[in-house]
Chemist: 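Dropping a structure here in C-alpha cells format, bear with me for questions.
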Amino acid sequence: MIPPPNVTGSLHIGHAFTNTLQDIVVRWRRMLGHDTLWLPGLDHAGIATQMVVERQLSQEGKTKEDLGREAFEKRIWDWKERSGGIILKQLRLMGFSLDWSRERFTMDAQLSRSVREVFVSLWEQGLVYRGDYIVNWCPSCVTALSDLEVVTQPEAGSLWHIRYPAADGGEGIVVATTRPETLLGDTAVAVHPEDERHKQLIGKSVILPVLKRVIPVVGDDFVDREFGTGAVKITPAHDPNDFQAAQRLGLPSISMMDERAVLNENAGPYAGQDRFEARKGIVARLQAEGLLVKTMPHSVPLGRCQRCKTVVEPRLSRQWFVRTKPLAEPAIQAVEDGRIRFVPENWSKTYFEWMRNIRDWCVSRQLWWGHRIPAWTCGACSELIVAREDPKSCPKCGGTALTQETDVLDTWFSSGLFPFSTLGWPEKTPDLARYYPNDVMMTGFDIIFFWVARMIMLGMRFGGDVPFRTVFINGLVRDENGDKMSKTRGNDVDPLAVIEKHGTDALRFTLAALANPGNDPSLGEARLIGYKAFVNKLWNASRFVLMNLEGEVAPSFGRPALPLPSRWILGEFDKTAREVNASLAEFRFDQAANALYHFLWDDFCDWYLEISKAYLADASQAPAARAVLLRVLDGSLRLLHPFMPFVTEEIWQKLPHHGPTIMKAAFPTGPEADPGAAAEMAPLMALVTAIRTIRAEKSVDPKKRIKVGVVAPTQRSLLEAEAAWLRSLARIDPLEIRDAAPPEAPQTIKQQVGPWQVLLPMAGLFDIEVERARLGKQREKLETERAGIAQKFDNPQFVARAKPEVVAEGRARIAEIEALLERNGATLRDLGAS
RNA sequence: GGGCGGUUAGCUCAGCGGUAGAGCGUCGGCCUUACACGCCGAGGGCCACAGGUUCGAAUCCUGUACCGCCCACCA
C-alpha cells in the first residue's frame with residue numbers, strides 16, 4: 001500500500017523520496033517474477049483538508065456555518081477531486097508503477113464500510129467508550145485533538161504567586177500558577193499532606209480572589225513540595241492533573257470557557273473576554289487588591305495545535321475513546337518476536353517506547369469532514385445506539401426520534417485500516433487472501449505513532465494477522481545544509497521543478513543514492529546535476545553500443561573463449577548484479593545505486609568501452625565484442641530500470657530482440673561465480689594507469705605516442721594478446737615486450753607494475769631533478785609503510801595472537817615493499833649514472 | 001525529566017576490529033570521431049575529545065563536549 005497522501009494540495013519532495021524507494025522495490029520484485037501489488041490511494045485527512053477549505057471560504061468572507069454542513073461537505077468533495085487529481089497526475093509523472101485499477105480513497109463507500117465495521121466491533125468488544133474527560137482542544141479548529149496532534153514546546157511565560165486569603169480572616173495561602181485566568185474555575189487549593197508549611201490548612205477554607213467563592217484546602221501527594229509555593233490551585237475543568245485530582249477527591253468542576261476559549265457566564269465580570277485578554281485583566285486586578293505576591297519569569301511547556309499552531313486548551317468535554325492497552329499488547333509482541341521487522345531495526349525501540357506507555361486514543365473530532373461516528377441517541381429514553389446500519393428506531397423503547405452523533409472520526413482511524421480496508425475487508429475477497437498481510441510498508445519516521453502503530457494494532461485485531469512483515473522507515477529530506485525543508489524557510493524543493501530541470505530519472509536516482517538508512521538525506525542541486533550527468537552518460541554509452549552494432553553480432557559466445565577484458569567486464573557485471581540484489585534485499589538503495597554508478601561509469605565506460613574500440617577495429621574480434629557490449633548494456637539497463645524507468649525503457653526499445661517492455665524483463669541476478677578475471681585484469685589496468693601517471697607527471701604531450709618497454713619475465717603472452725588496447729589506452733607506440741631488462745637504460749623511468757617492469761625512455765622529455773625528487777618521495781612513503789608494519793612484527797604478541805592470514809598478509813606486503821624499494825633504488829642509481 | 005541518533009577530506013556522506021573511501025568541489029593537462037553533462041592525472045583526513053578492552057580501534061566499552069530528533073501531566 002502506498003502511504004496515502006493527504007488531499008490537501010500537491011506532493012512535495014518527501015513524497016517523491018519515499019515513493020521512489022517504494023517503486024524501486026516494486027519494480028525490482030516484479031522483474032524478479034514476483035506477484036506484486038502497489039496500491040494507490042488518497043487520504044481524506046480530516047482536519048487538515050477541512051482547514052484548507054475553511055481558509056478558502058474565509059477569503060470569500062464566508063464560514064462553514066454560512067454554508068451548512070451538507071453544502072460544506074460538498075465543497076470539500078469538490079476540493080478533493082481537484083487536489084486528488086493533481087496528486088495522481090504527479091504520481092504518474094514520477095513514473096510510479098502503481099496499480100491504477102485499484103485506486104482507493106479513505107472515504108470511498110467500501111472503505112467507509114470497513115471503518116464502520118471496525119468502530120462498531122470495537123464498541124461491542126468494549127474497546128470504544130464515550131465519556132467526559134479533559135482533552136486537548138483547539139479553540140481555533142474548534143475540535144478535540146489526540147495527544148499526538150499537539151506539539152509541545154517550552155515558551156517564555158510567568159509564574160504568578162497569588163494569595164488566597166483564609167475564610168476565617170487569616171493569611172490564607174499563596175499558590176503559584178502559570179495560568180492565573182483559570183482561577184475563575186478553581187474549586188480547591190491542594191497542598192502535600194506532609195508539607196509542614198501548609199498541612200495545618202487542610203480541611204480549612206480559603207476565599208477565591210475575584211469571585212470571592214469559598215473553596216477548601218485539600219491534601220494530595222501529587223503536589224510537588226519543591227515547586228513554587230508548594231500549594232497548587234485546582235481547576236478541574238481546565239487542567240488534566242487537576243481533573244484527576246478532583247476525581248480522586250470528589251471536587252466539583254466549573255467550566256469557565258467556551259469552545260473558542262472565550263470566558264463564559266461562570267467567569268463573572270470577565271465573561272465574554274478572550275482567555276489571554278482576561279489573564280491581563282485578572283493579573284492587574286490581583287495586583288490592585290494586593291493579592292499578587294510576586295511574578296517570576298518562567299519557561300512553560302506550551303502545547304500548540306499541530307495544524308494551526310493555536311495554543312491548545314485542556315478542555316472538559318464528551319468524547320469517544322479507543323481503549324488502547326488491549327490492542328497494544330499483541331502489537332508489541334508482534335515486533336518483539338519478529339513477525340514484524342523494522343528497518344532500520346533501531347526504530348523498533350522508538351515504537352516500543354511509545355507503545356508501552358500508550359494512553360487511550362481520543363478518536364472523536366468536532367469536524368464536518370470525515371467518517372461520522374455511527375452512534376445515535378434516542379430522544380425518548382436517551383439510549384446510546386452504536387450500529388452498523390442506520391437504525392430506524394430505538395431497540396430499547398422503540399422510539400423513532402433518533403439523533404445521530406455529529407462528531408467524525410480521527411482521520412488516522414481510517415488510514416489505520418488501509419492495509420486491509422483497501423482489499424475489500426470485511427468481505428473475504430480474493431485480493432484480501434492474496435495480498436494480506438502486505439510484505440513491506442514503507443514510510444517516514446514522523447508517522448510511526450500516528451499511522452504505523454495504529455495499523456499494527458488494528459490490523460492484528462481485524463485483519464487476522466500482522467498488516468505487514470517489514471516496515472521500512474525512511475528519513476526526512478533536508479536541504480543541502482541539512483536543514484529541514486519548509487515553505488516558510490523558502491528552502492523547500494518542488495519535485496515538478498526538479499523534474500523540469502533535471503529529469504525524473506535523475507531525481508529518482510539521486511533520491512535513491514541518498515537513501516542511506518537511518519539518516520536524513522540532504523538534497524542539494526550539485527547531487528542532482530551529478531546524477532543527471534549519469535543519465536546522460538548512460539545515454540551516450542548506449543549510443544556508442546548501438547552505433548557499433550551495425551556489423552555482425554555473434555549470436556552467442558562461450559565465456560572462456562573470450563579475451564580477458566570481455567571476461568572481466570562480464571564478471572564485473574555479474575558481481576554488480578549480485579550486489580544490487582543483495583543491497584535491495586536489505587533496503588540499501590544507496591549501495592545499490594552506488595554499485596551501478598561505479599560499474600557503468602568506471603568499469604563499463606571508462607575501461608571496457610575504450611578497450612572494445614580496439615576489438616571493434618579488428619574484424620576477427622568484432623562480432624564477439626559486439627555481443628559482449630550488447631549483453632552488458634542490456635543487463636545494465638535492466639539493473640537500472642527500477643531506479644530510472646524512463647531512459648532505460650527508451651533505450652531498451654532500441655535494442656535488437658527487445659521485448660514488449662523492460663518492466664517485465666528478467667532482472668539479472670549475477671548467478672555466475674567470479675571467474676577470476678578481475679585478478680588477471682588488475683595488473684593490465686595498473687600498467688595503463690602507471691604509464692598515464694608518468695606521462696601526466698612529466699607533462700608529456702597527451703597526443704604523442706611514446707615508446708614503452710615492458711620487462712615480462714612471466715605472463716608475456718597475456719601482454720602480447722592484449723597489446724592492441726594497451727597501446728591505445730596508454731598511447732604507446734611501439735610497445736616492446738622483453739624477457740629481461742636491458743643492461744643499460746639511461747634516462748629511463750623504471751617502475752614495477754604487478755609482475756612486470758615498465759621501462760619508459762624519457763630522453764629529452766623530462767627533468768631529471770624532478771624525477772629524482774619524485775622517486776625520493778615514493779621511497780619515503782614506502783619506508784614509512786614498512787616501518788609501520790615492522791612495528792607490528794616487533795611485538796611478539798602480534799605474531800602469536802593475530803589471525804594467521806593477517807600475519808601472512810603483513811609478511812607479503814613487507815616483501816612487496818622490499819621489492820619496490822629495490823627497483824626504486826635501482827632507478828635512482830640509473831638516473832644518477834645518466 | 002526520559003529515550004534515540006549524529007560528530008570521518010572544503011561540502012554531502014559511505015565504511016563499523018587489521019594504520020581510511022565515494023560523489024561533488026579544488027589543482028594540473030586534454031575538444032583522443034559515445035559523451036566537455038566529457039577524458040586523463042594529482043592533491044587533500046592525528047576518523048570530536050579523554051580514558052579503557054585488544055597483539056591491533058575510525059570501527060567495541062565508559063565518560064565528556066557540542067549538534068539533531070522523539071517522548072513526557074511539574075502547577
Side-chain angles (χ1 to χ4, degrees), chain A residues 134 147-148 152 159 175-179 182 190 222-224 226-229 231-235 239-245 298 300-301 303 314 344 346-347 349-350 352-354 357 359 445-446 448-449 476 478 480-482 484 502 506 513-514 516 518-527 529-548 588 590-591 594 597-598 605-606 609-610 613 688-689 692-697 699-703 728-731 784-785 788-789 791-793 795-803 805-807 809-810:
Chain A
I134 292 270
D147 296 335
L148 289 174
T152 308
L159 188 62
V175 303
T177 181
T178 56
R179 303 203 51 199
T182 62
F222 93 97
V223 178
D224 180 356
E226 306 300 314
F227 188 87
T229 60
V232 58
K233 57 195 248 359
I234 302 293
T235 322
D239 182 280
N241 274 323
D242 295 2
F243 178 77
Q244 282 178 11
H298 186 66
V300 291
N346 214 251
W347 287 110
K349 287 186 191 170
T350 306
F352 288 139
E353 189 69 18
W354 189 70
N357 299 302
R359 292 155 74 193
F445 60 78
D446 49 331
I448 289 179
F449 305 143
L476 220 71
R478 295 169 181 278
E480 68 270 25
N481 302 315
K484 201 167 169 172
H502 303 289
L514 291 173
N516 49 314
N519 266 28
D520 291 343
S522 293
L523 182 66
E525 177 125 32
R527 243 8 224 271
I529 292 171
Y531 289 120
K532 182 187 177 188
F534 179 60
V535 177
N536 190 243
K537 189 77 179 173
L538 173 66
W539 180 258
N540 283 310
S542 304
R543 271 181 50 218
F544 173 83
V545 174
L546 289 167
M547 189 186 288
N548 282 291
R588 289 304 305 262
D590 56 331
Q591 280 180 3
N594 285 329
Y597 183 95
H598 173 257
C605 290
D606 289 348
L609 242 51
E610 294 305 322
K613 287 174 185 173
V688 171
T689 302
R692 283 170 169 172
T693 303
I694 294 166
R695 294 180 60 126
E697 278 176 354
S699 298
V700 177
D701 180 354
K703 285 181 290 282
S728 86
L729 293 209
R731 305 223 131 229
T784 308
E785 192 186 344
I789 300 171
Q791 203 177 13
K792 285 204 219 172
F793 279 88
N795 183 347
Q797 295 278 41
F798 173 70
V799 185
R801 309 182 69 156
K803 276 183 275 184
E805 59 266 34
V806 173
V807 177
E809 224 171 79

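Computed over heavy atoms, backbone and side chain alike; hydrogens, waters and symmetry mates excluded. The model shown is predicted, which means the values in this text are computed figures rather than measured ones. Quick note on labels: first sequence line is chain A, next is B, and so on, each numbered from 1.
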Chemist: So, does A:Lys537 get its side chain near the phosphate of B:C39, meaning an N or O under 4.0 Å from OP1 or OP2?
Modeler: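 For B:C39, OP1 or OP2 has a side-chain N or O of A:Lys537 closer than 4.0 Å.
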Chemist: Which comes earlier along RNA chain B counting from the 5' end, the contact point of A:Val688 or that of A:Lys233, where each point is its nearest nucleotide?
Modeler: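 Taking each residue's closest nucleotide, the earlier one in sequence belongs to A:Val688.
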Chemist: Just to be sure I understand the rule, does A:Asn346 reach a base, reach only the sugar-phosphate, or reach nothing, if contact means heavy atoms closer than 4.0 Å?
Modeler: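 It contacts sugar-phosphate atoms only.
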Chemist: Say you pick atom C1' in B:G21 and the same atom in B:G15; how far apart are they, in whole Å?
Modeler: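 Comparing C1' positions in B:G21 and B:G15 gives a spacing of 7 Å.
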Chemist: So, for A:Thr152 and A:Pro301, which heavy atoms are closest and what is the spacing to 0.1 Å?
Modeler: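 Smallest heavy-atom distance, with atoms named: CG2-CB, 3.8 Å.
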Chemist: Can you tell me the base-pairing partner of B:A50? Count Watson-Crick or G-U wobble geometry only, both distances below 3.5 Å, and say none if there is no partner.
Modeler: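 WC or wobble partner is B:U62.
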Chemist: List the atom of A:Asn594, the atom of A:Tyr531, and the distance in Å for their closest heavy-atom pair.
Modeler: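 For A:Asn594 and A:Tyr531, the tightest heavy-atom pair comes out as OD1-OH, 4.0 Å.
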Chemist: Measure CG/A:Asn540 against P/B:U33 and give the value in whole Å, please.
Modeler: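 Going from A:Asn540 (CG) to B:U33 (P), I get 14 Å.
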Chemist: So which nucleotide does B:A42 pair with, by the Watson-Crick or G-U wobble rule with both distances under 3.5 Å?
Modeler: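 Because both required distances fall under 3.5 Å, B:A42 counts as paired with B:U26.
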Chemist: Whole Å only: how far is the CZ atom of A:Phe798 from the C1' atom of B:G17?
Modeler: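 In whole Å, B:G17 C1' lies 13 Å from A:Phe798 CZ.
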Chemist: My understanding is that a pair needs two contacts under 3.5 Å, Watson-Crick or G-U wobble. By that rule, which nucleotide pairs with B:G56?
Modeler: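 Across any shown strand, B:G56 pairs with none.
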Chemist: A:Lys613 has an atom NZ; how far is it from atom C1' of B:C39, in whole Å?
Modeler: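 Roughly 10 Å, once rounded to whole Å.
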Chemist: May I ask you to verify whether the side chain of A:Lys349 and the base of B:C4 hold a donor-acceptor pair under 3.5 Å?
Modeler: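 Such a pair does not exist between side chain and base.
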Chemist: Is A:Thr693 near enough to B:A42 that one of its side-chain N or O atoms lies under 4.0 angstrom from OP1 or OP2?
Modeler: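 Yes, such a contact exists.
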Chemist: Locate the shortest heavy-atom distance separating A:Val545 from A:Leu609; write the atom from each residue and the value.
Modeler: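 The pair with the smallest heavy-atom distance is CG2-CD1, 4.4 Å.
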Chemist: Considering only the C1' atoms, how many Å lie between B:U64 and B:C74, rounded to the nearest integer?
Modeler: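 Here B:U64 and B:C74 have their C1' atoms 29 Å from each other.
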Chemist: Which value, in whole Å, describes the distance between the C1' atoms of nucleotides B:G23 and B:C37?
Modeler: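 It comes out at 15 Å once rounded to the nearest Å.
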Chemist: Rounded to the Å, how far apart are A:Leu514 CG and B:C11 C1'?
Modeler: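 After rounding, the reported distance stands at 13 Å.
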Chemist: What is the distance, to the nearest angstrom, from the CD atom on A:Gln591 to the P atom on B:G23?
Modeler: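 Those two atoms, CD and P, are 16 Å apart.
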Chemist: Counting heavy atoms from C-beta on, name the nucleotide in B:C13, B:C24, B:C37 closest to the side chain of A:Ala533.
Modeler: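 The answer is B:C37.
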Chemist: Do the side chain of A:Arg527 and the main chain of A:Leu514 share a donor and acceptor less than 3.5 angstrom apart?
Modeler: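 Checked: no pair found.
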Chemist: Verify the contact: side-chain N or O of A:Lys803 to OP1 or OP2 of B:G17, cut-off strictly under 4.0 Å; return yes or no.
Modeler: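 No, A:Lys803 has no side-chain N/O under 4.0 Å of OP1/OP2 on B:G17.
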Chemist: How would you label the contact of A:Asp606 with the nucleic acid (heavy atoms, under 4.0 Å): base, sugar-phosphate, or nothing?
Modeler: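 Answer is sugar-phosphate: A:Asp606 comes under 4.0 Å of backbone atoms only.
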Chemist: For A:Glu525 and B:G25, what is the distance between atoms CD and P respectively, to the nearest whole Å?
Modeler: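 Value for this atom pair: 12 Å.
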Chemist: Atom CG of A:Leu609 to atom P of B:U32: distance rounded to whole Å?
Modeler: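 Value for this atom pair: 17 Å.
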Chemist: Return a single string for nucleotides 66-74 of chain B, one symbol per nucleotide in 5' to 3' order, where B is base contact, S is sugar-phosphate-only contact and - is none, cutoff 4.0 angstrom on heavy atoms.
Modeler: ----SSSBB
Chemist: Please measure how far the P atom in B:G10 lies from the corresponding atom in B:G44, and state the result in whole Å.
Modeler: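 Result for the P pair: 12 Å, nearest Å.
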Chemist: Suppose we define a pair by two distances each less than 3.5 Å, Watson-Crick or G-U wobble; what does B:U19 pair with here?
Modeler: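 B:U19 is paired with nothing.
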Chemist: Measuring only the P atom in each nucleotide, how far is B:C16 from B:G6? A whole number of Å is fine.
Modeler: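 To the nearest whole Å, 13 Å.
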Chemist: Where the side chain of A:Glu610 is concerned, which of B:C55, B:C37, B:C35 is the nearest nucleotide?
Modeler: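 Within the option list, the nearest is B:C35.
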Chemist: Answer with base, sugar-phosphate or nothing: what part of the nucleic acid does A:Tyr597 contact at a heavy-atom distance below 4.0 Å?
Modeler: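 It contacts sugar-phosphate atoms only.
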Chemist: For A:Ala802, answer base if it contacts any base atom (sugar-phosphate contacts may also be present), sugar-phosphate if it contacts only those atoms, and nothing otherwise; contact means non-hydrogen atoms under 4.0 Å.
Modeler: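 Base: the residue A:Ala802, judged by heavy atoms under 4.0 Å, touches a nucleobase.
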Chemist: Indicate whether OP1 or OP2 belonging to B:A22 is found under 4.0 Å from a side-chain N or O atom of A:Arg527.
Modeler: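 No, A:Arg527 has no side-chain N/O under 4.0 Å of OP1/OP2 on B:A22.
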Chemist: Considering only atom P, compute the distance from B:A72 to B:A50 and round it to an integer number of Å.
Modeler: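 39 Å, rounded to whole Å.
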Chemist: Side chain of A:Lys703 only, please: which of B:G38, B:C24, B:C30 is the nearest?
Modeler: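 Minimum distance to the A:Lys703 side chain belongs to B:C30.
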Chemist: Within this structure, what is the CG-SG distance for the pair A:Leu538 and A:Cys605, rounded to the nearest 0.5 Å?
Modeler: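 Answer rounded to 0.5 Å: 8.0 Å.
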Chemist: Examine distances only and state if a side-chain atom of A:Asp520 and a backbone atom of A:Arg478 form a donor-acceptor pair shorter than 3.5 Å.
Modeler: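 No; zero donor-acceptor contacts below 3.5 Å.
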Chemist: Any base atoms under 4.0 Å from A:Val223, or only sugar-phosphate, or nothing? Heavy atoms, all strands.
Modeler: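 Here A:Val223 touches the bases of the nucleic acid.
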Chemist: Work out how far the C1' atom of B:U7 is from that of B:G45, and round it to whole angstrom.
Modeler: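 Taking atom C1' in both B:U7 and B:G45, they lie 14 Å apart.
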Chemist: What nucleotide, of B:C13, B:A75, B:C4, holds the atom closest to the side chain of A:Asn519?
Modeler: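 Of B:C13, B:A75, B:C4, B:C13 is nearest to the side chain of A:Asn519.
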Chemist: Using whole Å, what does the distance between atom P of nucleotide B:C35 and atom CG of A:Leu538 come to?
Modeler: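 Atom CG in A:Leu538 sits about 15 Å away from atom P in B:C35.
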Chemist: With no angle test and no hydrogens, is the base of B:A75 tied to the side chain of A:Glu226 by a donor-acceptor pair under 3.5 Å?
Modeler: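 Counting by modelled atom types and ignoring angles, no donor-acceptor contact under 3.5 Å is found here.
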Chemist: Which distance, rounded to the nearest 0.5 Å, do you find between the CD of A:Glu610 and the CG of A:Leu729?
Modeler: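 So the gap between those two atoms works out to 6.5 Å.
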Chemist: For B:C31, which nucleotide is its Watson-Crick or G-U wobble mate, given both distances must be under 3.5 Å?
Modeler: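 In the structure as shown, B:C31 has no Watson-Crick or wobble partner.
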Chemist: Looking only at atom P, what distance separates B:G52 and B:G56, rounded to whole Å?
Modeler: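 It works out to 12 Å between them.
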Chemist: Determine which nucleotide pairs with B:G5, using a 3.5 Å limit on both distances of a Watson-Crick or G-U wobble pair.
Modeler: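 With both distances under 3.5 Å, B:G5 matches B:C67.
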Chemist: Please find the pair of heavy atoms, one from A:Ile448 and one from A:Trp347, that lie closest to each other, and give the distance.
Modeler: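 Scanning both residues completely, I find the closest heavy atoms to be CD1-CE3, 3.6 Å.
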Chemist: B:C55, OP1 or OP2 - any side-chain N/O from A:Arg801 closer than 4.0 Å?
Modeler: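 For A:Arg801, the contact criterion (side-chain N or O under 4.0 Å from OP1 or OP2 of B:C55) is met.
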Chemist: With distance as the sole test, does A:Asn536 use its side chain to make a donor-acceptor pair with the main-chain N or O of A:Lys532 at under 3.5 Å?
Modeler: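 Judged by distance alone, no pair lies under 3.5 Å.
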Chemist: Would you check if the side chain of A:Arg179 reaches a backbone N or O of A:Asp239 as a donor-acceptor pair within less than 3.5 Å?
Modeler: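 Here the side-chain-to-backbone pair does not exist.
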Chemist: Using the ring centroid of each side chain, check whether A:His598 and A:Phe534 are separated by less than 6.0 Å.
Modeler: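 They do not qualify: ring centres at least 6.0 Å apart.
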